[in-house]
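Below is one structure, written out as structure tokens, with a few remarks after it.
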Amino acid sequence: MSALYETTARRLRDAYSDGAVAPLRDVLAPTDADGAYAVQTINTRFWEAQGRRIVGRKAGLTAKAVQAQLGVDQPDFGVLFDDMRVADGGVLDPARTIQPKAEAEIAFVLGADLPDPETSVAQVAAAVASVHAAIEIVDSRIADWKITFADTVADNGSSAFFVLADAGRGLTGLDLEGAAMEMTVNGAVASTGVGAAALGNPLNAAAWLARTLTARGEPLKAGDILLAGALGPMVALTPGDHVAASIGGLGEVRFTYGEG
């Protein structure tokens with residue numbers, strides 16, 4: 001099977017230059033988590049060998065409705081590399097994407113390691129250095145977004161880029177569960193949601209991520225950026241779009257998707 005996983009990983013890498021690929025049904029059953037993470041790991045190690053540096057992780061499928069849609073009962077995760085970060089207020093070149101969509105999220109920056117295999121929400125909260133409004137730009141390498149759970153996991157959680165608000169704040173006094181989100185595209189409201197969309201509370205998603213990664217021998221560390229999952233529906237992007245997300249208690253984050 002390892003040879004098939006290597007071939008599948010290469011197919012996904014080649015999509016960056018050759019365009020989206022067909023769903024991975026020939027290798028991965030729709031809910032094959034072990035096989036899908038094996039493919040993701042192959043590409044993670046490949047990109048690290050090419051000089052890309054891991055700066056954090058993203059949690060995905062944190063909304064129960066999306067889990068039900070894909071026939072799973074768990075979130076997934078992907079890797080955040082240093083070159084995936086777009087500056088707050090910056091520009092993302094459309095030539096670097098295939099079929100991107102934006103979603104607003106709450107992000108954490110850790111100030112301490114989280115090595116406990118039973119990491120609790122309280123432990124995560126104690127480890128958080130700052131909380132930020134964020135936008136994740138997801139971009140499936142699978143044609144037409146016809147993904148299963150295994151497709152998106154193998155494809156690094158369908159992750160591509162992220163924008164972290166320059167201004168972060170401490171957890172004290174924040175209502176993350178009730179934090180209202182509004183994302184606009186060119187000034188028009190395109191998506192709304194609330195912090196509870198991420199497993200009931202973004203800290204729940206972060207704790208799940210910490211436990212899951214520790215079980216894999218890859219515990220979260222101080223300085224890591226954690227994207228805790230979408231707070232509302234994702235929105236397809238068109239070159240020239242100006243995207244901004246406002247999250248209660250955290251302020252605003254924005255970027256421009258290239259030239260119109």
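Keep in mind that the numbers below use all heavy atoms, side chains included, and drop hydrogens, waters and symmetry copies.
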Exercise. Tell me, with the steps shown, if V243 and L237 meet side-chain contact (heavy atoms from CB on, under 4.5 Å).
Key: CA-CA 9 Å; V243 183; L237 295 174; 3.7 Å; yes
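- Within the 4.5 Å cutoff, the side chain of L213 has no heavy atoms near those of the W208 side chain.
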Quiz prompt | I137 and Y257: CA distance, side-chain angles, deciding distance, side-chain contact (heavy atoms from CB on, under 4.5 Å) verdict | solution = CA-CA 10 Å; I137 298 92; Y257 182 57; over 6 Å; no
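- Nearest heavy-atom pair across A190 and V185 is CB-CG2, 3.8 Å.
- Looking at T148 and D151, their side chains do bring a donor and an acceptor atom within 3.5 Å of each other.
- The structure places NE2 of H132 at 14.0 Å from CD of E105, a figure rounded to the nearest 0.5 Å.
- With rounding to the nearest 0.5 Å, the separation of OG1 in T8 from CG in D155 is 12.0 Å.
- In terms of modelled atom types and a separation under 3.5 Å, the side chain of R141 and the main chain of D139 share a donor-acceptor contact.
- Between the side chains of N156 and N43, not a single donor N or O lies within less than 3.5 Å of an accepting N or O.
- Residues K58 and F162 are not in side-chain contact: their nearest non-hydrogen atoms beyond the backbone lie 4.5 Å or more apart.
- Seen from the ring of F46, R13 counts as a face-on cation partner, given the 6.0 Å and 45° thresholds.
- Remark: I54 CD1 to D224 CG distance equals 9.0 Å, nearest 0.5 Å.
- Using a 4.0 Å cut-off between a side-chain N of Lys or Arg and a carboxylate O of Asp or Glu, K101 and E103 do not qualify as a salt bridge.
- To the nearest 0.5 Å, atom NE2 of residue H242 and atom OG1 of residue T256 are 4.5 Å apart.
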Quiz item: Taking it one step at a time, do M183 and V235 satisfy side-chain contact (heavy atoms from CB on, under 4.5 Å)?
Solution: CA-CA 9 Å; M183 185 166 69; V235 177; 3.6 Å; yes
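- A side-chain donor-acceptor contact under 3.5 Å links R211 to the backbone of T119.
- The salt bridge (Lys or Arg N to Asp or Glu O under 4.0 Å) contacts involving residues 34-48 comprise R45-E48, R45-E218, where partners must be two or more places apart or lie in separate chains.
- Expressed to the nearest 0.5 Å, how far CZ of R25 lies from CD1 of I142 amounts to 8.0 Å.
- No side-chain heavy atom of F77 sits less than 4.5 Å from a side-chain heavy atom of V153.
- W145 and L12 fall within a single hydrophobic cluster, where Ile, Leu, Val, Met, Phe, Trp and Tyr are joined by side-chain heavy atoms under 4.5 Å apart, directly or via other members.
- Across all their heavy atoms, G232 and S191 have their closest contact at C-OG, 3.6 Å.
- By the rule that hydrophobic residues join a cluster once side-chain heavy atoms approach within less than 4.5 Å of another member, V121 and L231 end up as members of one cluster.
- Shown here for R11 and P23, the closest heavy-atom pair between the two residues is NH2-O, 3.9 Å.
- A donor-acceptor contact closer than 3.5 angstrom is absent between the side chains of T41 and Y5.
- Note: L4 CG to L24 CG = 11.5 Å, rounded to the nearest 0.5 Å.
- Considering only heavy atoms from C-beta on, D113 stays 4.5 Å or farther from L220 through its side chain.
- In plain terms, the two heavy atoms of P75 and F149 that are nearest each other are O-CE1, 4.0 Å.
- A distance-only check finds a donor-acceptor pair linking the side chain of D76 to the backbone of G60 [under 3.5 Å].
- At a cut-off of 3.5 Å, with distance as the only test, no side-chain donor of S140 or S158 sits close to an acceptor on the other residue.
- Side-chain atoms of D88 and L164, non-hydrogen and from C-beta on, never get closer than 4.5 Å to each other.
- Under a cutoff of 6.0 Å and an axis angle of 45°, R216 and Y37 form a cation-pi pair.
- Contact of the F161 side chain with the I135 side chain is not registered, since no non-hydrogen atoms from C-beta on lie closer than 4.5 Å.
- Hydrophobic clustering of Ile, Leu, Val, Met, Phe, Trp and Tyr side chains at less than 4.5 Å, counting indirect connections, keeps V194 apart from L176.
- Closest approach of A15 to I98, counting heavy atoms only: O-CD1, 3.4 Å.
- Donor-acceptor pairing under 3.5 Å is recorded for the side chains of S159 and E136.
- Q123 and D116 share a donor-acceptor pair across their side chains, judged by distance under 3.5 Å alone.
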Quiz prompt | Check against side-chain contact (heavy atoms from CB on, under 4.5 Å), Q74 and L61 | solution = CA-CA 7 Å; Q74 61 180 318; L61 305 182; over 6 Å; no
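- The two atoms that bring L28 and A154 nearest to each other are CD1-CB, 3.9 Å, heavy atoms only.
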Sequence neighbours left out, cut at 3.5 Å: what donor-acceptor pairs do the side chains of residues 198-205 make with other protein atoms?
| unit_1 | atom_1 | unit_2 | atom_2 | d |
| --- | --- | --- | --- | --- |
| N201 | OD1 | L203 | N | 2.9 |
| N204 | ND2 | L199 | O | 2.8 |

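- With contacts defined as side-chain heavy-atom distances shorter than 4.5 Å, the pair T214/L114 does not qualify.
- I42 places a side-chain heavy atom less than 4.5 Å from the side chain of E6.
- Note on residues 162-186: no pairs pass salt bridge (Lys or Arg N to Asp or Glu O under 4.0 Å), not counting sequence neighbours.
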